[in-house]
Amino acid sequence: QVQLVESGGGLVQSGGSLRRSCAASGRTFSSYAMGWFRQAPGKERDIVAVIHWSGDNTYYADSVKGRFTISRDNAKNTVYLQMNSLKPEDTAVYYCTADPRGTIEPMRVTYRYLENWGQGTLVTVSS
């Protein structure tokens, strides 16, 4: 198991940028796939972006492609989400999560059953 602590986020105007970070404890971070998810008020938690344990492959939801970038630094046990050109519809609580299976597809399909989640942080984009 890993412990995940998120930082970054907050309030930003439409068109602005934010960077989220998620620091993980434990020596097995580099073998985990990592992902960012979000939950808007009254909606289910949805995928935003996922990154392979190696950092070589990524997956993005269609709604954020070209605007958001997920990356990781295995030496720092940290995964990042750079969010550019933010829109009001990006407003949500954002969570990071870790999947010990390491690859993208299992996380993308079965993320609702994962056990390791960060505390979540509200990102508000004003129009």
Side-chain angles (χ1 to χ4, degrees):
Q1 288 238 358
V2 293
Q3 303 297 319
L4 303 172
V5 178
E6 302 171 21
S7 60
L11 174 65
V12 65
Q13 288 188 333
S14 182
S17 297
L18 282 174
R19 189 193 198 204
R20 306 271 351 263
S21 298
C22 175
S25 64
R27 293 175 289 179
T28 57
F29 170 83
S30 61
S31 67
Y32 281 59
M34 298 297 296
W36 288 97
F37 295 77
R38 66 187 181 186
Q39 188 166 13
K43 296 186 177 181
E44 293 187 351
R45 191 172 300 185
D46 282 334
I47 192 169
V48 175
V50 177
I51 188 166
H52 189 268
W53 66 266
S54 67
D56 290 342
N57 294 311
T58 57
Y59 169 87
Y60 295 94
D62 288 343
S63 58
V64 306
K65 279 182 182 177
R67 300 189 298 122
F68 290 13
T69 302
I70 187 171
S71 61
R72 66 190 296 160
D73 185 337
N74 285 346
K76 296 182 178 180
N77 280 13
T78 302
V79 62
Y80 305 97
L81 183 68
Q82 178 67 42
M83 302 183 288
N84 298 329
S85 302
L86 283 160
K87 305 175 182 179
E89 51 263 44
D90 294 318
T91 295
V93 177
Y94 283 71
Y95 300 88
C96 68
T97 188
D99 188 341
R101 292 169 293 185
T103 55
I104 289 176
E105 196 65 12
M107 172 177 263
R108 191 181 71 81
V109 174
T110 63
Y111 66 90
R112 292 177 179 85
Y113 306 101
L114 293 175
E115 296 181 346
N116 304 293
W117 292 88
Q119 77 274 21
T121 302
L122 178 62
V123 172
T124 302
V125 184
S126 63
S127 59

[X] versus [Y], closest heavy-atom pair with distance:
{"X": "Tyr60", "Y": "Thr69", "result": "OH-CA, 3.3 Å"}
{"X": "Arg67", "Y": "Leu86", "result": "NH1-CA, 3.9 Å"}
{"X": "Ser17", "Y": "Asn84", "result": "OG-OD1, 2.9 Å"}

Does the pair Tyr80 and Arg20 meet the rule for a side chain to side chain contact (heavy atoms under 4.5 Å, CB included), with working shown?
-> CA-CA 6 Å; Tyr80 305 97; Arg20 306 271 351 263; over 6 Å; no

Taking atom [atom1] of [X] and atom [atom2] of [Y], what is their separation to the nearest 0.5 Å?
{"X": "Ser63", "Y": "Asp46", "atom1": "OG", "atom2": "CG", "result": "8.0 Å"}
{"X": "Ile51", "Y": "Asp56", "atom1": "CD1", "atom2": "CG", "result": "8.5 Å"}
{"X": "Arg38", "Y": "Leu81", "atom1": "CZ", "atom2": "CG", "result": "9.5 Å"}

Is the count of non-hydrogen atoms from other residues, nucleotides or ligands lying under 6.0 Å from Gln119 atom CD greater than 12?
->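 Count over threshold, so yes.
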
More than 12 heavy atoms from other groups under 6.0 Å of CD on Gln3 =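 No, not enclosed.
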
same_hphob_cluster([X], [Y]) at 4.5 Å side-chain heavy-atom cutoff:
{"X": "Leu18", "Y": "Val125", "answer": "yes"}
{"X": "Leu114", "Y": "Val2", "answer": "no"}
{"X": "Val50", "Y": "Phe68", "answer": "no"}

Please tell me if the side chains of [X] and [Y] come closer than 4.5 Å, counting only heavy atoms from C-beta onward.
{"X": "Tyr32", "Y": "Asp99", "value": "no"}
{"X": "Glu89", "Y": "Ser14", "value": "no"}
{"X": "Met34", "Y": "Phe29", "value": "yes"}
{"X": "Tyr95", "Y": "Gln39", "value": "yes"}
{"X": "Val123", "Y": "Met83", "value": "yes"}
{"X": "Trp117", "Y": "Glu6", "value": "no"}
{"X": "Trp36", "Y": "Val79", "value": "yes"}

Does the side chain to side chain contact (heavy atoms under 4.5 Å, CB included) test come out yes or no for Met107 and Ile47, once each step is laid out?
-> CA-CA 9 Å; Met107 172 177 263; Ile47 192 169; 5.8 Å; no

Ignoring hydrogens and geometry, is there a side-chain-to-backbone donor-acceptor pair from Thr97 to Asn116 under 3.5 Å?
->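 Between the backbone of Asn116 and the side chain of Thr97 there is a qualifying donor-acceptor contact (under 3.5 Å).
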
Distance-only, no hydrogens or angles: does the Thr103 side chain make a donor-acceptor pair with backbone N or O of Glu105 under 3.5 Å?
-> no

Among side-chain atoms of Thr78 and Asp73, is any donor-acceptor pair under 3.5 angstrom?
-> no

Cationic N near anionic O, under 4.0 Å, Lys87 to Asp90 =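 Asp90 and Lys87: not salt-bridged.
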
Between Phe37 and Tyr111, does the ring centroid distance fall short of 6.0 Å?
-> yes

Which residue pairs pass the disulfide bond (SG atoms under 2.5 Å apart) test with at least one member in residues 17-126, sequence neighbours excluded?
->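 Applying disulfide bond (SG atoms under 2.5 Å apart) to every pair that reaches into residues 17-126, excluding sequence neighbours, yields Cys22-Cys96.
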
Axial cation check for Trp53 ring with Arg72, 6.0 Å and 45° limits =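 Relative to the ring axis of Trp53, which defines the angle, Arg72 lies outside at least one limit.
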
